[in-house]
Amino acid sequence: MKQSSIAGCLIGTAIGDALGLPYEGLRADRAARMLGQPDRFRFLFGRGMMSDDTEHTCLVAEAMIESRGDVLSFRNSLARRLRWWILGIPAGVGLATLKACVRLWIGIPPNRSGVFSAGNGPAMRSAIFGSCIDEPMMLREFVIASSRMTHSDPRAEAGALVVAVAAQTSRCEPSINAESFCRRLDSVRDGILDDDSELMKRLHRAIASVARGESTSDFATSIGQNGFITGFVNNTVPVAIHAWLSDPDDWLTAVRSVIVCGGDADTTAAIVGGIVGCRTGVAGIPMNLKQSFVDWPRNLRWMTELATCLADFSNELETNNPASAKIPRISATGILLRNAIFLPVVLFHGFRRLFPPW
């Protein structure tokens with residue numbers, strides 16, 4: 001069961017990311033005129049590739065396996081992987097993450113490498129924690145270690161914790177409702193997510209909006225995100241939670257509902273795809289999208305192997321006897337070749353936006 005949830009989270013993140021990527025940075029109305037509905041991949045001749053949202057999720061999974069349940073080891077492992085990841089010249093990396101990676105390279109320790117930013121970086125890679133960690137305080141510790149490495153603003157940390165708890169709720173609860181989600185969130189949010197915080201207020205508004213049967217796009221408009229979800233965690237996370245609570249068992253409907261909100265569509269779709277994927281597993285993701293996903297060397301087979309490895313680690317963690325596991329290998333040369341293909345396609349999409357339809 002846990003292996004299915006982890007695989008659903010990893011692959012759900014990747015497919016959601018790839019589905020939303022061509023829409024990233026566009027207003028909802030222009031995206032609809034230029035690209036149509038997000039019912040298939042529109043990145044590379046009907047094929048899909050993922051962005052840094054999924055790459056970070058995979059790095060976190062690898063670091064967790066290598067850590068054997070020790071947070072300090074996890075932090076050091078993730079820092080090392082981020083250092084080498086940035087040398088691959090990934091396209092579209094966030095400014096805060098870029099600065100943090102540079103700080104890691106010049107010797108600043110990972111507990112102080114984060115820059116003051118409340119961007120989506122920590123939130124986009126946090127669903128994987130909820131897919132495999134059961135113990136609330138352990139979940140909290142791993143989220144904090146991951147978040148502070150790149151983003152030191154407490155709001156980024158709070159948003160990442162909300163995403164991780166949503167993924168855990170999605171995996172563990174027999175039925176999804178706001179009460180079960182809030183109960184799990186209450187067990188870990190002390191000192192991180194206050195009732196008076198803007199994020200908590202917007203989460204309550206999202207829950208009330210779902211209860212009224214409002215669409216995710218209508219909720220986004222109600223919090224000032226009319227046709228464009230910005231990369232600010234207090235905007236992204238409540239919209240993602242609204243989409244998940246509205247359709248917790250329907251992967252495609254939930255993911256499409258955030259893409260059509262516009263703005264940071266690859267990240268919102270990756271977050272929602274990972275959360276819902278924890279519940280539906282890989283089987284709940286449409287077959288045509290899985291068949292059209294062409295990224296490499298982090299392809300779906302590799303992610304499935306990674307999920308199996310992480311599930312073994314998680315099961316052993318429950319017995320307090322985690323053993324070292326063999327992380328599936330990935331070619332550094334393959335990553336460089338892949339990025340050499342990916343970057344021109346991203347630039348083409350950017351150039352295309354200079355022309356009609358407006």
Side-chain angles (χ1 to χ4, degrees), residues 5-6 8-21 23-25 38 50-61 92 94 97 118-131 139 143 146-147 150-151 155-171 176 181 185 199 202-203 206 210 216-217 219-220 223 225 228-248 250-280 284-285:
S5 294
I6 295 171
C9 182
L10 279 171
I11 294 176
T13 297
I15 301 294
D17 183 6
L19 194 61
L21 183 57
Y23 297 81
E24 195 272 335
M50 64 195 188
S51 73
D52 60 326
D53 301 74
T54 307
E55 291 173 341
H56 276 220
T57 298
C58 293
L59 296 179
V60 166
T97 299
N120 290 328
M124 75 187 190
R125 59 178 181 256
S126 286
I128 191 66
F129 294 118
S131 76
L139 179 73
V143 169
S146 169
S147 300
T150 55
H151 293 66
R155 294 174 296 181
E157 184 177 294
L161 186 63
V162 170
V163 172
V165 171
Q168 186 188 66
T169 305
S170 182
R171 170 173 63 90
I176 302 301
F181 168 57
L185 189 60
L199 178 56
R202 289 189 171 187
L203 287 176
V210 171
T216 298
S217 59
F219 167 70
I223 61 170
Q225 304 296 291
F228 196 97
I229 310 299
T230 71
F232 177 39
V233 71
N234 281 3
N235 297 328
T236 300
V237 170
V239 172
I241 295 302
H242 189 285
W244 162 56
L245 290 176
S246 296
D247 293 285
D250 188 334
W251 187 93
L252 184 58
T253 298
V255 169
R256 289 179 60 180
S257 71
V258 288
I259 295 175
V260 299
C261 290
D264 199 4
D266 59 334
T267 297
T268 55
I271 292 172
V272 175
I275 294 172
V276 181
C278 284
R279 186 168 186 82
T280 66
I285 302 170

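If you're wondering where the values come from, they're calculated on a predicted model, not measured in any experiment. Side chains are part of it too, since the values below use all heavy atoms of this structure and drop only hydrogens, waters and symmetry mates.
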Fill in the blank from the handout: Of all heavy-atom pairs linking C261 and S217, the shortest is SG-CA, 3.6 Å

Completion exercise
Hits for ring-ring contact (aromatic ring centres under 6.0 Å, His included) against H151, two or more places apart or cross-chain, chain-then-number order -> none

Handout entry: Distance-minimising heavy-atom pair for V143 and A164
Key = CG2-CB, 3.7 Å

Exercise for the section: Not counting sequence neighbours, which residues clear side chain to side chain contact (heavy atoms under 4.5 Å, CB included) with A243? List them please. Expected result: T216, S257, V258, V272

Problem - Pairwise side-chain contact, L252 with L19, heavy-atom cut-off 4.5 Å (strictly under) - result: yes

Handout entry: Evaluation steps, side-chain contact (heavy atoms from CB on, under 4.5 Å), between D52 and T97
Key = CA-CA 10 Å; D52 60 326; T97 299; 5.9 Å; no

Handout entry: R125 (side chain) donor-acceptor with T54 (main chain) under 3.5 angstrom
Key = no

Practice task
Take V237 and V163, measure what side-chain contact (heavy atoms from CB on, under 4.5 Å) needs, and give me the verdict at the end.
Solution key: CA-CA 7 Å; V237 170; V163 172; 4.1 Å; yes

Practice task
Answer whether the closest heavy-atom distance between the side chains of V165 and L139 falls below 4.5 Å.
Solution key: yes

Exercise for the section: Tell me yes or no: between the side chains of T267 and N120, is some donor less than 3.5 Å from an acceptor? Expected result: no

Fill in the blank from the handout: A166 meets the side chain to side chain contact (heavy atoms under 4.5 Å, CB included) criterion, sequence neighbours left out, with F181, I241, W244, I275

Problem - Flag side-chain contact, heavy atom, 4.5 Å: T13 against I128 - result: no

Problem - side-chain contact (heavy atoms from CB on, under 4.5 Å) between D53 and T57, intermediate numbers included - result: CA-CA 7 Å; D53 301 74; T57 298; 5.9 Å; no

Exercise for the section: Flag the pair S126 / L161 as yes when at least one side-chain heavy-atom distance between them is below 4.5 Å, and no otherwise. Expected result: no

Exercise for the section: Report the residues that fulfil side chain to side chain contact (heavy atoms under 4.5 Å, CB included) with A118, sequence neighbours left out, ordered by chain and then residue number. Expected result: D153, R155, F232, V233

Practice task
Kindly write out the residues that satisfy salt bridge (Lys or Arg N to Asp or Glu O under 4.0 Å) with R202, not counting sequence neighbours, or none if the list is empty.
Solution key: E198

Completion exercise
Contacts of E24 meeting side chain to side chain contact (heavy atoms under 4.5 Å, CB included) (sequence neighbours excluded), chain-then-number -> D264, D266

Practice task
Begin with the C-alpha distance, continue with both residues' side-chain angles, and end with the deciding distance and a verdict on side-chain contact (heavy atoms from CB on, under 4.5 Å) for M50 and E55.
Solution key: CA-CA 8 Å; M50 64 195 188; E55 291 173 341; 4.2 Å; yes

Handout entry: Any side-chain heavy-atom pair of M124 and H56 under 4.5 Å
Key = yes

